[in-house]
Amino acid sequence: MPQYFPPSANAFLKWSILGGIVFLVVLVTALAAYARVYRNQVNVPVEQPVGYQHSLHAGELGIDCRYCHNSVEVAASANIPPTEVCMTCHSQIRVGTPQLAGVYESWETDQPIRWNKVHDLADFVYFNHSAHINKGVGCNDCHGRVDRMSAIWKAEPMSMGWCLECHRAPERYVRPREEVFNLAYERPAAAEQLELGRSLVQSYHINTNKLPQCSTCHR
Amino acid sequence: MADSRNRIAETDRVIGPGQTYTTIDDTVNKPILTSILGTPIWWFIAFAFGFLLLMLYLYSVVYLIAVGTGVWGNNVPAAWGFPIINFVWWIGIGHAGTLISAALLLFRQEWRTSINRFAEAMTLFAVVCAGLYPILHLGRPWVFYWLVPYPNTYGLFPQFRSPLDWDLFAISTYASVSLLFWFIGLIPDLATLRDRTENKFGKIAYGIASLGWRGSAKHWQRYQRAYLLLAALSFPLVLSVHSTISLDFATSQVPGWNNTIMPPYFVAGAVFAGFAMVLILAIPLRKAFGLENLITMRHLDNSAKVMLATGLIVVYGYVIEVFIAWYSGTVYEQYMIFNRMFGEDYWWAFWALIFCNAVAIQPLWSKRVRNSPLALFIISMIVSVGMWLERFVIVTVTLTREYLPSSWGVFTATRWDWALYIGSFGLFLTLWFMFIRFLPSIATSEMKELAHIHENDDAKEVTT
Amino acid sequence: MSMQTTSQNDKKLYGIIAEFNAPEEIIDAANRAREAGYKKMDAYTPFPVHHLDDALGFQQTRLGWVVLFAGIVGALGGFFLQWYANVVFYPLNIGGKPLNSWPNFVVITFECAVLFSAFSAGLFMIIRNGLPRLHHPIFGAHNFAAATRDKFFLCIEARDAKFDTEQTRQFLEQLNPNHVSDVKDE
Amino acid sequence: MNPQDKDLTPQPLDLGAVRKRLEGSQGKAYWRSLDELADTEAFQEFMHKEFPRQAAPLASNVNRRDFVKLLGASLALAGLTSCIRPNPQEQYTSYVRAPEYYLPGVPQFYATAMSLGGYGVGVLAESHAGRPTKLEGNADHPASLGAIDPLVSATVLSLYDPDRSQVVTNRGELSDWGSFASALSDTLSGLDGGAGLRILTETVTSPTLASQIDALLEQYPNARWHRYDPLHRDNVLAGAELAFGEAVDTRYQFENADVILSLGSDFLGIGPGKLAYTKAFSARRRVRTAEDSMNRLWTAEAAPSITGSMADHRLALRPDEIEGLARSLAARLGLSVEAGDLPDHVSQEWFDALAEDLEAHRGSSLVVAGNDQPAIVHAVAHALNAELGNVGETVVYTDPVEVDPVSHSESLAALVDDISAGEVEALVMLGGNPVYTAPADLSFANLLSRVPVSVHLSPYQDETSLRSTWHVPQTHDLEAWSDVRAFDGSASIVQPLIAPFYNGKSAHEVVAALAGDAEASSYDLVRGYWREQFGSDFNSVWPQSVHDGVVAESRFAPRQLSLREDALSDAPIEATEGLQIVFQAEPSIYDGRFSNNGWLQELPNPFTKLTWDNAALMSAATAERLGVRNQDVVTLNYEGNSVEAPVWIQPGQADNVVVAHLGYGREAAGRVGNGQGFNAYALRTSARPWVGGGLELTPTGATYPLSSTQMHHALEEERHIVRHGTLEEFRAHPDHPEFVHPVEHHEYDLYPDYAYESYAWGMVIDMNVCTGCNACVTACQSENNIPIVGKEQVAIGREMHWIRVDAYYGGSVDDPEFYHQPIACMHCEKAPCEPVCPVGATVHDHEGLNVMVYNRCVGTRYCSNNCPYKVRRFNFLQYAELEENALSMVQNPDVTVRSRGVMEKCTYCVQRISKARVTAGNQNRRILDGEVVTACQAACPAEAIVFGDINDSGSEVVQTKASPLNYGILTELNTVPRTSYLSKLRNPHPALASASEGGH
């Protein structure tokens, strides 16, 4: 009786089986990684109608975040400043520079500037800036070194898992209130941070039971 | 030969007279080895019919996903309707196969041999039909994978306390283990086909599928041990699957559902329905492929007996339900039973199922009925309907009458409910007809072993 | 009726194979071969023949232990998964039940045990049998296709210490098989 | 097969069987609907249509995008793609110049007033970035006192109604305000001193508008001002004339009343004072301990009403019998009146007890007559109150709040005569919809076409607009400045929250245009008027008044009046023959002006629980006698007019009376309202606007499916869902009243309880004061973005209301007791819904809230099965508005809008809790008791809902739960519900105590 398959068939079959398995594993992991990075658009600068530079204003000029984001301590939204805020300075300074064209146009035509959202949470997530600011979560914990970004990008994935890292163990992240707006603030080494964090959680009445509850962010 | 047939009653034979290794090979493999053109015309018609229904199935699935769960009759309070009924019904049918091959193997019932193969196939196909329902039943089917534990950016796991998640594990385990069991059983027969078929592609296909099986004694040794262990594992698995399904109801709060008898009662019902389906498939099959000598009257007879036995257990379940309701002394349970029997909406369903599952099986006490394939076929059909009605009563009728009278309601199915149900037969039949055409519907190697054991039956006097 | 073609003559010999008609014959043959002191030999049959493995002097497989082990691993893994998810990873108050409400975890634990052990059994069998192996010298043996139909073969392999082409062939011939032929390796 | 099939219809009821069954039943029997009670074959058949209905998915749901997307999904790829595709780039626009005090995302509340039937109800309007989303009651406003009723809170939806008219039209052609104004002045210039100029308004209480019209009438001395409001108060005025010789308004002070007799009055259910009256009334019925006292309410009414359902003694009487009762009572108390015999349906025993009770409470009793009662009944009520010395105590009289009150019927009749006499050159209709609402016998619709120039100011292109030469879109109350008086005369400044959404004009601006100033703005007009009123300190008073939502000290002062000698004597008895028809405002659609408001269309009627339809309501006995059954279509013949209407049997209605609700059968209401129900106005005559005899009713043989949210049929005996007793029974066992059936839980509990350290939210609902007015339902709908589903979906049982008011009947069919039980998620501590969810989409948070995480829900619906209270609602189809359009602007941004395929339910207004938590947290303090008020609680005029922290021993909710009347529903299931109920109490007259038990 003749052979149905050449000797090479054995090796071929074994390798193709092995290869198939490997391929699947790689594919899945690749997709997952791609999903995390690309979908969350981390570290991807976002084009804006006005070439506003945080690096200049918050960085070199050292303007406080709250000058523009004035509701960050009292409201859910930090507030994107109205055009008039830009005009407080730019009616005198750098009048007529092309980068500011958008601002002047808005001011004259009374049409709002259409900023592109950078940190865009899902509609079923209810994030409140004031709650975080008042409990000692620093700006750069989530937004990164904005004072070094010319065009703003997302410094963190802002996925639920990421939020939970802090909501499950706030003591690992919180800082003294007076340091909240200090973008250059460096967390102390793990051990001290834990010690500091625990005391802050105490004094700021951070309810660690509440934080990981669904109803904290979803309604 | 002729006189020998007189000596051994037809219903005592697990294998027809004068069956040799070669005859077994040829009878079983004939339909597979014939060329496409040689395929009997009835096969094409039947396959086309199944395929048509399959298209109906796909159409209603797409429509469902496009428009929403609302295309069905489900509502509040009857939040579960046809999909769950059909799910439980199909999964029930999907019990006979593995039970036959596993349990009967362990109990050394050699009459299992010629029916286990296609019964297992039936199991797999039924599980496929069943398994799709819970997914389609979701309000958002496209996120069904949230029931599976996998690393995700939400930092969430499924909620393992939910019987629905138990279902997921139970069904996927059952499906994969049954598939493995079935495939391992197939390997030697695929090798046989590899060696028999003249078709070049056939040789390659069967060759690869049989993994290069060469029937060496060493292989057979491991093979048999593995097969036995798989059987030993499958047996409790079978029992566990429908028990788990029954926990969807038993662990709930709903009067008429939270009942400790549910698991055994469901399992019995499953075997009941399963054997009914085995007969529904076996009787035409043996006729169509002339397998009367391999699937003998003894097989039909025994299946019928199992049906009768499990049927009676189910009836006992009904009785106990009523008793428990009375014994519980709670108004909710008592009203539930009252409503099932005499409630103005659905009393007909209850009495219909009593007829199908309790009355219709009584003729099986008689040997004459058990020896008439036609009678068995009809009774099995009735039983299948009855088991569907049972699930309808348990799922929907119960839900429409719960605790608060203010939220009682009515369930009325829509054309899409029916389309998805009828369509699922398309899925089943398509797979089934593919199977009987391209794979041996009887385990030839096991039959040869059996033939070897029984080769002298006709020679020696048998008195049983 | 040997059908060896010249092309096969120059190939290395894998073993010598004898073809029988009935299970009894092959068992008898196997016993005789074993008594004759042959060790590296194997039989090829269309269905499992009882006691053939003893006749050939195979020892029992350890499959059982592997399956048991896999089952235990599955059970522990299954329970750990649920315990970890509910107690450690994300503790939530579900209907007022305790975090480690173990009775709820029984089903999945059981299913995992079955899943693991079942697949270990199947895969162990396939892998230990060296499958899948599409090409094997034995397939080249004369009329070997009958091994999956109605014939029973005994093959004494060349790597057997006691193997000697002439003697072994004679030994097999005297078991009055249908015929004896060489199996060439490629 | 479809729902119209005959097999949907029940056979006639066997009332005999029903009664027997009730007699047979021990203890307290509750039943949901007569059919079920009768348990007739037909009813079985009705419920037993095997599988006839085809689901009617919103066809528009399958657009190409969905279809393709979901084809993907059907390949189970959607999950994958959705986690790979980045979200579409959203944009953020900020103001150019931000308004002061504006914080993004923080709602602002403005006090203003909504007018209903011409009278004002003060509200606080919640505005998100200039977008009104919700109306709450204004605690400072006398007609609201913080509460709000369903109609008013639903008006915010009408604001965004895309069907509102948006342009001025002239004979159907698009036009504009300018050309309208010029055309108007041309017309007027052609008139000699305004001869032939007629103005038609509804009830006017707006001081500004009144003064404008006065000025106009001076400018055009020959012009005339007519008024017509379909729900006019002609009889009230006539009654006052009869009693005092002048038109006065009557104001009740229920807080002082121990015994109240309502002669066909639904003072809790309709009328401009209902919220204030409900507050005062329920304050006197709120019982916590056995020491507390309760007032006693006697009612005689033709059809069940909110008020009647609260009565301790209720009689279902034909309208003429009510008059009879009034006369007999007057005679009994020694007034000179022509009194016939005591009506058959009034037992002597009952009558004596009533009279005795009233006399025993001189000065603290009160007799109230309903708007639709004939003048004599009002006169009797006045006389009785005077006789009983109640004037000044429980009732006071003031000048009429309506400006220059006239008989609306006569006023409209006069207008119609002039039109037919050809004397009307120009007719300006400010609001209203006379073509639809005018009495049939006036055939106003045809006459209108004879008027050369007819102007209709209206929010919709409605029946009248279509027959007028000019239509001007009218502003919504939230769109324009105005002012309005409340039922007690208090004036409110109406301030707009949003610029006219659809280019509307206000009545003020139209009248100004008549006066020749087309450019005048409502703001200037209103401000100008009040500048005169306030005089020098205008600059301080105006802002204050606008801020408070009410003008200080503007309430009308009580007046001393003396009864006319022959007040009652010159009113002969008129006999009414045959089957009587009663016209009533539909509780949710009012006079039809809310026909196009989906919230109100889907709001179940408090008694029939019908949605999207009205019906010819009749008592069981009457239906039996006429041989008709539910959903039979019958022809109603009355005074030569006829309409077809479906029958609905309403227990507790007087025999031989058919109630027809006004406001349905619209032809030009809009996409929502068109063609719903039948038009009862088509039967109404100017002579007998409320009640009339000689109605002929003939079955057509056809049937028409009605969607009731409670097509339920149980004889409920041992479930103890509704627990009730009498005040006496309570006092007999002050600690453990027998009827409360306390059930302990927990003893047999397998697991230890969770500890809730911080807050533990809980609720109590006081069934004793709940009037079943539905205010909570609409308030919840508005607060929580609850979608409407449409008639067909309601019929299948898919309504979405998070809180529903279950209506139970107790006792006999002909004289049932009514029980209202609001049911929302109980937030069980051992919630059965949670362990069954495979993805953890519904879990408990650490404050004991049973939270529903929509975005995690996959839609297994297992939780709904396992919820014994059936409070969970499922989005079977895409009900909510996901697209950005006018209607989506009403949505509350603090609550997720649910998509198809997810479960939802009451959240205890978790968004309000979160808001309070963040505020408190930022101030480093705990949430105070009363700081979190749920939407239903805020709306409830009876203050039946108490919400708070059950860990805070001082909180009101804890105090309330301490009452021996407190009980939980189905606690034997060990669900440990956080919401509990206070048992319903009645306070029957000792002499009739047994009788009141009779029912059960």
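Throughout, a chain's letter reflects where its sequence line sits, starting with A, and its residues are numbered from 1.
- Annotation: B/Phe392 is in aromatic contact with B/Tyr346 [ring centroid separation under 6.0 Å].
- Between chain B and the residues D/Gly840, D/Ser864, D/Ser899, D/Gly797, the most heavy-atom pairs under 4.5 angstrom are made by D/Gly797.
- In this structure, the portion of B/Phe249 lying under 4.5 Å from any heavy atom of chain D is its backbone and not its side chain.
- With chain D as the partner, the residue from B/Leu156, B/Leu64, B/Leu58, B/Ile84 showing the most heavy-atom pairs under 4.5 Å is B/Leu156.
- Of the two parts of B/Phe160, neither the backbone nor the side chain holds a non-hydrogen atom closer than 4.5 Å to a non-hydrogen atom of chain D.
- Taking the ring centroids of B/Phe82 and B/Trp90, they lie at or beyond the 6.0 Å cut-off.
- Partners of B/Gln159 under the side chain to side chain contact (heavy atoms under 4.5 Å, CB included) rule, at least two apart in sequence or in another chain, are B/Arg161, B/Ser162, C/Ile94.
- When D/Phe874, D/Tyr862, D/Tyr869 are compared by the number of non-hydrogen pairs under 4.5 Å with chain B, D/Tyr862 comes out ahead.
- Heavy atoms of D/Glu799 lying under 4.5 Å from chain B are absent altogether.
- For chain D, no part of B/Asn258 is nearby; none of its heavy atoms comes within less than 4.5 Å.
- Most heavy-atom pairs under 4.5 Å with chain D: of the set B/Leu404, B/Asp167, B/Asp165, B/Thr400, this distinction falls to B/Leu404.
- Note on residues 856-870 of chain D: pairs passing salt bridge (Lys or Arg N to Asp or Glu O under 4.0 Å), not counting sequence neighbours, are B/Glu402-D/Lys870.
- In summary, the aromatic rings of D/Tyr819 and D/Tyr809 are positioned with their centroids too far apart to meet the 6.0 Å limit.
- A side-chain contact (heavy atoms from CB on, under 4.5 Å) with B/Gln253 is found for one member of D/Leu970, D/Thr975, D/Asn865 and no other, namely D/Thr975.
- For B/Leu247, the part sitting under 4.5 Å from any heavy atom of chain D is the backbone (N, CA, C, O) and nothing else.
- Under 3.5 Å, the side chains of B/Trp257 and B/Asp248 contain no donor-acceptor pair of N or O atoms.
- Between chain D and the residues B/Ser252, B/Ala349, B/Pro255, the most heavy-atom pairs under 4.5 angstrom are made by B/Ser252.
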